[in-house]
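The basis for the numbers below is simple: all heavy atoms, side chains too, and nothing from hydrogens, waters or symmetry mates. Just so it is clear: chains get the letters A, B, ... in the order the sequence lines come, proteins before strands, and each one is counted from 1. Just so it is clear, the structure is predicted and the values come from calculations on it, not from any experiment.
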Amino acid sequence: MRLTRYFLPVLKENPSEAQIVSHRLMLRAGMIKQASSGIYSWLPLGFKVLRKIEDIVHEEQARAGHIAIQMPTIQSADLWRESGRYDDYGEEMLRIKDRHGRDMLFTPTAEELVTDIFRAHVSSYKDLPLTLYQIQWKFRDEIRPRFGIMRGREFYMKDGYNFDISKEAALHAYNRHLVSYLRTYERMGLQAIPMRADSGPIGGDNTHEFLVLAETGESEVFYDSAVTDLRFGDREIDYADVAQCAGVLEEFTSRYARTDETHDEALFNGVPEERRRVARGIEVGQIFYFGTKYSEAMGATVQNADGKPVPVHMGSHGIGVSRLLGAIIEANHDDNGIIWPEGVTPFHCGIINLKQGDEAADGACEALYSALTAAGLEPLYDDRKERAGGKFATMDLIGLPWRITVGPRGLKNGVVELTSRRTGISEEMTPEAAVARVVEIYVPHLAAGRAG
RNA sequence: CGGGCUAUGGCGCAGUCUGGUAGCGCGUCCGUCUGGGGGACGGAAGGUCGCAGGUUCGAACCCUGCUAGCCCGACCA
């Protein structure tokens, strides 16, 4: 993309409404625009990152054997009355009446609808296990939206639902989700720590929240610092392997790690003092096993091997897709702007032409642009007739992890400059070497996507 | 939902107390000189001052009502 043809309305000054860094930077980098309280339009740069995150979630869901569907945002109240949640959910649920006066609602989650789909079409244990998921807009009418998209009213969320014949099978699904979530977050450059959590209105006993440590997090968290040393890495995983998935769960959840909701001071004191940490975290996902709560209320049964109807065991699992943008920025920024992890960056590499109109500089930039594009990468070429300072400031603000700087001075010696946004370290090299290096950097990230 | 506050050009703000031609900085557009971290100079566009009513010869400013948004708290993925 050439910046002169793109739509990137960056702001030099901080909008007064934004309090936390991710909100400020998203507004300044021209990623979002508030439409009303807690509701945002996604501008090109923000939308691009949102889709990158969404792609990673889809890829990892597919890898775990889960199946994508799409359910409506506006639902009839009838199903919600059937489960009893129409009254339980409270003011947070946005209720709407259609022209006939029928009660409708804007979905805050979809257990009822997916259970309705299931009971209509699945009747045999042979069709299990089954996990259906969607990535869809949700609405929760927060009393007080804040922190930009981190706590908006409208938000984009992956919600998945597993259907299994037994508690044992459903717990495997639970473990499988935990594993797939660890992979998902790690691909986004995030460390999200599973912590024992509270189930809230979803119900159920088994539940973990995934938290990204950040000073601006809304939850107070207590953990054994040993959990921050855990990495999923590139280990091979067989999602059908019950013992292996259970092993990962054990590895990642055996140490103390809880939010303030479930914090137990006595247990926490059992952690060696030098490893006890109290911090704040942003919740970016949660997994639940809730058994037969919805299947019994809504009659979602299958016939087992003996021909007897039994209610299915279910769980639901969410990833806050739009919220992840905020969490990623909270965890990856400096005074000059965002620093995108390679896995989610809107463009792989920036190209700065220090002297637009200079024949050598223009030509070298065009050649770099073509070479990167041909290698399957998306560069963002700042071809504006701006001064160098302005170009650097914009590039730093929008946070592309790699930047190639091209100027007449360097070109006289046959070199351009490759700079890491994260470390600030620059290296001079030939344009060909710079392209090769950038391509090499992205090889694992592109491969991770294809493998899904 | 309690408490506090705000609304003036795309963004940040002054002007309101004390009514009298709507301003500043940044950004945007045009031009010239520039050119390796937001440069200089010259020109220009852009605002029914959140909405409705009232007071007044005259309202961004005073009065009444409404709406929207922000912050703290409780709540929450």
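With sequence neighbours excluded, no residue satisfies side-chain hydrogen bond (donor to acceptor under 3.5 Å, both in side chains) with A:E215. For A:K138, the salt bridge (Lys or Arg N to Asp or Glu O under 4.0 Å) partners are A:D159, not counting sequence neighbours.
Heavy-atom nearest nucleotides on RNA chain B were determined for A:P15 and for A:E142, and the one closer to the 5' end corresponds to A:P15.
Taking atom P in both B:C70 and B:U55, the straight-line distance is 35 Å, to the nearest Å. The same atom, C1', is picked in B:A45 and in B:C62; the two are 34 Å apart, to the nearest Å. Nucleotides B:C5 and B:G43, compared at atom C1', are 41 Å apart to the nearest Å. Annotation: B:G19 and B:C66 have their C1' atoms spaced 24 Å apart (nearest Å). Spacing between B:G10 and B:U67 at atom P, rounded to whole Å, works out to 25 Å. For B:G15 and B:G37, the C1' atoms lie 36 Å apart once the distance is rounded to whole Å. The separation of B:G31 from B:U48, taken at their P atoms, amounts to 28 Å, rounded to a whole angstrom. The P atoms of B:G20 and B:G27 are separated by 31 Å, rounded to the nearest whole Å.
Side-chain atoms of A:R151 and base atoms of B:C76 include a donor and an acceptor less than 3.5 Å apart.
Under the 4.0 Å criterion applied to side-chain N and carboxylate O atoms, A:R81 and A:D78 are assigned as salt-bridge partners. One finds no salt bridge joining A:R2 and A:D383 here, because no Lys/Arg side-chain nitrogen approaches an Asp/Glu carboxylate oxygen to under 4.0 Å. By the 4.0 Å N-to-carboxylate-O rule, A:R323 lies too far from A:E154 to be salt-bridged with it.
Atom CG in A:D260 sits roughly 10 Å away from atom P in B:C76 (whole-Å rounding). Rounded to whole angstrom, the span from the CZ atom of A:F7 across to the P atom of B:G10 amounts to 13 Å. Rounded to whole Å, atom C1' of B:C76 lies 10 Å from atom OH of A:Y89. In this entry the distance linking CD of A:E13 with P of B:A14 reads 13 Å, nearest Å. A straight line from CZ of A:R323 to P of B:C76 spans 13 Å, rounded to a whole angstrom. Here the P atom of nucleotide B:C75 and the CD atom of A:E261 are 10 Å apart, to the nearest Å. B:G10 atom P lies 16 Å from atom CG of A:L27, rounded to whole Å.
Pairs engaging residues 341-354 of chain A under the salt bridge (charged side-chain N to carboxylate O under 4.0 Å, His left out) rule: none recorded [sequence neighbours left out]. Among residues at least two apart or in separate chains, salt bridge (charged side-chain N to carboxylate O under 4.0 Å, His left out) pairs with a member in residues 402-414 of chain A are A:D396-A:R403.
Across all strands shown, the partner of B:A40 is B:U32, judged by Watson-Crick or G-U wobble contacts whose two distances both fall under 3.5 Å. In this structure, B:C17 makes no Watson-Crick or G-U wobble pair, since no nucleotide meets both defining distances under 3.5 angstrom. Across all strands shown, B:A60 forms no Watson-Crick or G-U wobble pair with both distances under 3.5 Å. The partner of B:G2 is B:C72, by the rule that a Watson-Crick or G-U pair needs both atom distances under 3.5 Å. A 3.5 Å limit on both hydrogen-bonding distances identifies no Watson-Crick or G-U partner for B:G9. Look at B:A22: it lacks any Watson-Crick or wobble partner with both distances under 3.5 angstrom.
Checked against the 6.0 Å centroid threshold, A:F210 and A:Y181 count as a close aromatic pair. For A:Y442 and A:H348, the ring centers sit closer than 6.0 Å to each other. Aromatic pair A:Y133/A:H66: centroids not less than 6.0 angstrom apart.
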**Item:** B/S/- contact track for nucleotides 35-40 of chain B, protein heavy atom under 4.0 Å
**Value:** BBBBB-

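Residue A:G152 is in base contact, counting any heavy-atom pair closer than 4.0 Å across all strands shown.
Neither side chain, A:Y161 nor A:H317, offers a donor N or O lying under 3.5 Å from an acceptor on the other.
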Anything under 3.5 Å between a protein N or O and an N or O of nucleotides 70-73 of chain B, put it in a table, one pair a line.
{"residue": "B:C70", "atom": "OP2", "partner": "A:S37", "partner atom": "OG", "Å": "3.1"}
{"residue": "B:C71", "atom": "O5'", "partner": "A:R144", "partner atom": "NH2", "Å": "3.4"}
{"residue": "B:C72", "atom": "OP2", "partner": "A:R144", "partner atom": "NH1", "Å": "3.2"}
{"residue": "B:C72", "atom": "OP2", "partner": "A:R144", "partner atom": "NH2", "Å": "2.2"}

